[in-house]
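Data block below; observations after.
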Amino acid sequence: MKRTLIPKIEIENRHPKGMHSTTDMEYAKIATDIATAMSRLKINDITADGFKLLGLNIAMYFEDVVADAGIWRAFTDRMKEQQGKYLPFFDVDESNYYQDEPNLDDVRFLVWYTMLEVHHDRITNPESPVIRQLAEAAFTILAEHFETVSVNDELKDFFVHPQFTDSFVLQRDVLKWLCFGCYLTYIPHLPQRLFTQAQTVTQNARCNMDMAYCMAECVLPYNNKIGPLKLLPQQWAADILRANGNNDAANTIESQRFKPYQGYKIVGGEVDKSITLEDVNGETFSISAENMGHPHEDCYKQKMAIASFVEYNGVWYLNDVCAWSDNLQPFETLHNDYIGKEHMKDALDKLRKGTALYYFANQQDMEKFLLQNLPFDENAKKNLKLPEGENIALYIPEDCHKDIQILPDAAMCIKDANNPYYNQKMALNQALNLAISIEEEVRGYIIAHHLLPDATINSSQGLKRGNEIVQQNFDFLAKAFVSKH
């Protein structure tokens with residue numbers, strides 16, 4: 001059988017920007033060996049590209065743990081802290097588990113997690129015999145090389161002596177790497193997502209697609225949660241730094257604040273010195289002319305800046321490029337919407353006192369409920385448009401500035417004493433699909449209150465075992481799936 005070749009450039013591309021490692025060819029050969037060994041199992045529903053992806057991710061994991069670079073250690077440390085165990089799903093013998101050595105259960109998890117991308121339309125049971133076969137084939141290769149493989153000292157040194165934390169731009173490059181290249185946290189199918197975001201930027205900022213792509217790349221690390229734990233890239237970076245003993249640098253990275261790409265009102269400034277902006281929430285902040293890219297003096301005469309901003313280590317920075325406008329209407333619209341939602345706060349808090357979920361037979365019943373319980377003005381009542389559907393679940397968010405979540409058909413899956421529309425047969429088939437398709441806050445509330453007890457996954461050991469796997473790992477399972485889609 002032909003070897004499944006993984007070239008050196010694939011290893012290089014998975015490293016932080018600017019890193020040049022002498023070990024790349026060695027790990028490319030290991031990745032090739034892993035992919036080839038897996039392909040020899042002749043598993044029909046995995047393509048050649050799927051085997052390459054599995055081989056590459058496992059080889060990068062191997063490089064990480066051999067160097068103890070901190071990526072895998074960051075993941076397992078947080079798992080241990082949050083869930084009391086190093087890994088989900090598997091009964092790990094912790095007396096023989098070492099974070100700086102390859103472990104079969106680690107590889108089983110990585111195979112399962114990568115398969116969420118390979119088989120993007122389904123969740124494979126982590127206890128599947130196929131997952132074990134693939135993992136054992138890969139682990140055999142790792143065991144053969146473990147005593148002789150070279151350590152990537154450059155990767156270890158990158159996080160032990162993190163010079164990038166001294167620069168906003170360089171640390172942002174690390175956050176981008178976590179989204180684009182890191183074996184554990186990269187976002188699959190990223191070109192399509194960037195294209196969609198760039199189109200939005202083009203429309204709002206009236207710029208060309210090249211500039212829009214740059215802006216989308218800079219916003220991406222701040223508004224996407226990534227990896228199997230669905231953390232912000234700055235949280236992952238901080239955990240990796242802590243795993244290498246750099247707590248102060250970790251705190252600096254983790255505490256940075258992001259303001260999204262939108263309009264900001266110009267409320268003051270001095271040409272070539274600084275400019276003061278106001279966001280739609282009413283917060284003002286000042287940014288130096290240098291950190292704004294030294295805008296032309298005419299920009300100071302405009303009414304609105306369209307951009308995103310980051311406060312890093314106590315200083316505000318423009319997050320890539322800025323567009324300027326003398327039309328303040330887009331800002332006023334967002335600001336008025338924010339203020340309008342504040343008027344709903346008392347009513348929403350009152351509704352949420354007993355429960356955050358309400359259930360309705362249809363759209364008409366839901367509309368009647370909302371009109372009776374929320375202080376809409378006459379204009380809002382006339383323009384109220386709700387999605388059609390039946391067996392509706394309605395979620396009241398904790399923050400009044402967030403949108404109420406309306407979930408048609410969801411009531412059939414939710415087992416709640418207040419829900420007359422629950423249907424166990426439907427729940428057995430659809431509860432897991434519901435959990436992975438809804439907003440993170442809603443999912444967290446439903447899982448925390450054990451409202452999807454029927455959610456299950458296919459298991460060769462039967463329905464009961466499939467249900468146990470989901471219920472014991474529900475939050476993790478949902479986050480891991482969503483991170484790959």
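Quick note: residue numbers are just sequence positions, from 1.
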Near [X] [atom1], under 6.0 Å, is it more than 12 heavy atoms from other residues, nucleotides or ligands?
X	atom1	value
Q163	CD	no
K341	NZ	yes
H294	NE2	yes
E290	CD	no

Practice task
May I ask you to establish whether K484 and Y186 are in a cation-pi arrangement, using a distance under 6.0 Å from NZ or CZ to the six-membered ring centre and at most 45° from the ring axis?
Solution key: yes
Donor + acceptor pair across side chains of [X], [Y] (<3.5 Å):
X	Y	result
R242	N251	yes
R14	N57	yes
Q99	D77	yes

Does [X] use its side chain to pair, donor to acceptor, with the backbone of [Y] at less than 3.5 Å?
X	Y	result
S21	T23	no
W112	T124	yes
Y300	D272	yes
N467	P453	yes
N244	N246	no
S483	A480	yes
H449	L451	no
Y27	S150	yes

Practice task
Carefully, step by step, assess E10 and K52 under the rule salt bridge (Lys or Arg N to Asp or Glu O under 4.0 Å).
Solution key: CA-CA 10 Å; E10 294 281 6; K52 286 181 180 179; over 6 Å; no
Within the structure provided, determine whether [X] and [Y] are in side-chain contact (heavy-atom separation under 4.5 Å).
X	Y	result
T76	Y97	yes
Q405	I438	no
L116	I123	yes
H119	I46	yes
L277	F309	yes
L175	Q256	yes
F331	V280	yes
F180	L194	yes

Handout entry: Matching residue for I58 among D106, T114, V107 - test: side chain to side chain contact (heavy atoms under 4.5 Å, CB included)
Key = V107
Practice task
Could you please spell out the steps behind the salt bridge (Lys or Arg N to Asp or Glu O under 4.0 Å) verdict for K301 and D298?
Solution key: CA-CA 5 Å; K301 302 173 185 177; D298 289 344; 3.7 Å; yes
Any salt bridge linking [X] with [Y]? Criterion: basic side-chain nitrogen under 4.0 Å from a carboxylate oxygen.
X	Y	answer
E468	R465	yes
E439	K402	no
K156	D153	no
K85	D105	no

Problem - Centroid-centroid distance, F109 to F75, less than 6.0 Å - result: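 Yes: the rings meet the under 6.0 Å criterion.
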Exercise for the section: Start with the C-alpha gap between I71 and C182, add the side-chain angles, then the distance that decides, and say whether side-chain contact (heavy atoms from CB on, under 4.5 Å) holds. Expected result: CA-CA 9 Å; I71 302 165; C182 177; 3.8 Å; yes
Handout entry: Worked verdict on K303 versus I266 for side-chain contact (heavy atoms from CB on, under 4.5 Å)
Key = CA-CA 5 Å; K303 296 180 180 179; I266 299 172; 5.9 Å; no
Completion exercise
What one should report as the nearest heavy-atom pair of A69 and I240 is O-CG2, 4.0 Å
Exercise for the section: Take K259 and N319, measure what side-chain contact (heavy atoms from CB on, under 4.5 Å) needs, and give me the verdict at the end. Expected result: CA-CA 9 Å; K259 289 191 177 294; N319 192 23; over 6 Å; no
Mutual orientation of the aromatic rings belonging to [X] and [Y] [parallel < 30°, tilted 30-60°, perpendicular > 60°]:
X	Y	result
H401	Y338	parallel
Y61	W72	perpendicular
F62	F146	tilted

Practice task
Before giving the answer on side-chain contact (heavy atoms from CB on, under 4.5 Å), spell out for I11 and M60 the whole-Å C-alpha distance, their side-chain angles and the decisive distance to 0.1 Å.
Solution key: CA-CA 8 Å; I11 303 296; M60 299 308 294; 3.6 Å; yes
